[in-house]
Amino acid sequence: QVQLVESGGGLVQPGGSLRLSCAASGSIFSVYAMAWFRQAPGKEREFVAAVWSGFNTYYAEVVKGRFTISRVNSKDTVYLQMNSLRPEDTAVYYCAAGRVVTMSDSEYNYWGQGTQVTISS
């Protein structure tokens, strides 16, 4: 079992930055692929970024170059640094853990409760 707790969401103006954190507990963090997804009101949950245990990273095209996912295995934590934020980045952001790296949310076994990110002036 893996428990995930996100933090770091909030209200930011367009062009601003936020860093989300996801703290994991309950299992061997280093063996899992970690990912961030997001869900905007009225929309389906979508893939944002993922990082494998070997530190290979993957991004959705809409965030590539603006967002950076990273992990610190010694702290059982994964981060999402978000820069140049846009109003369309507004969503609830979820951390997820799974045995494989994939853009499909159905492949991730464990989920956090989500953290709200709002981009507005």
* Asked: Under 4.5 Å between any side-chain heavy atoms of Ser120 and Pro87, yes or no?
  -> no

* Asked: Can you name the closest pair of heavy atoms from Ala97 and Met34 and give their distance?
  -> CB-SD, 3.5 Å

* Asked: Is there a side-chain contact between Tyr59 and Arg66, using heavy atoms and a 4.5 Å cut-off?
  -> no

* Asked: Looking at side-chain heavy atoms only, is the closest gap between Ile119 and Arg86 below 4.5 Å?
  -> no

* Not counting sequence neighbours, which residues clear side chain to side chain contact (heavy atoms under 4.5 Å, CB included) with Arg45? List them please. => Phe37, Gln39, Tyr94, Asp105, Trp111

* So which heavy atom on Thr77 is nearest to which on Ser21, and how close? -> CG2-CB, 4.5 Å

* Looking at OG of Ser17 and CZ of Phe67, how far apart are the two atoms once the value is rounded to the nearest 0.5 Å? -> 9.5 Å

* **Candidate pair Arg71 and Asp76, rule salt bridge (charged side-chain N to carboxylate O under 4.0 Å, His left out), full reasoning** => CA-CA 8 Å; Arg71 66 189 296 163; Asp76 290 347; over 6 Å; no

* When rounded to the nearest 0.5 angstrom, what distance separates CZ in Arg38 from CD in Gln116? -> 12.0 Å

* Can you check whether Ile69 reaches Trp36 side chain to side chain, under 4.5 Å on heavy atoms? -> yes

* To do: Say whether Val62 and Leu20 are linked into one hydrophobic cluster, either directly or through other cluster members, by side-chain heavy-atom distances under 4.5 angstrom.
  => yes

* How about Leu18 and Leu85: do any of their side-chain heavy atoms sit closer than 4.5 Å? -> yes

* Can you see which heavy atom on Val2 is nearest to which on Ala24, and at what distance? => CG1-CB, 4.2 Å

* To do: State whether the number of non-hydrogen atoms from other residues, nucleotides or ligands found under 6.0 Å of Gln113 atom CD is greater than 12.
  => yes

* Consider only side-chain heavy atoms of I, L, V, M, F, W and Y, link residues closer than 4.5 Å, and tell whether Val100 and Tyr108 are in one cluster. => no

* From Lys43 atom NZ to Glu88 atom CD, the distance as rounded to the nearest 0.5 Å -> 8.5 Å

* Asked: What pair of heavy atoms forms the shortest contact from Val101 to Ala33, and how long is it?
  -> CG2-CB, 3.4 Å

* **Residue pair Phe47 / Tyr58, side-chain heavy-atom distance below 4.5 Å** => yes

* To do: Kindly indicate whether the side chain of Thr68, heavy atoms from C-beta on, has any atom under 4.5 Å from the side chain of Leu80.
  => no

* **Where Val78 and Cys95 come nearest, the two heavy atoms and their spacing** => CG1-SG, 3.8 Å

* **Pairs flagged by salt bridge (charged side-chain N to carboxylate O under 4.0 Å, His left out) wherever residues 7-24 is involved - sequence neighbours left out** => none

* How many angstroms lie between OG in Ser70 and CD in Gln81, if you round to the nearest 0.5 Å? -> 8.5 Å

* **Test side chain to side chain contact (heavy atoms under 4.5 Å, CB included) applied to Ser104 - qualifying residues, sequence neighbours left out** => Thr102, Ser106, Glu107

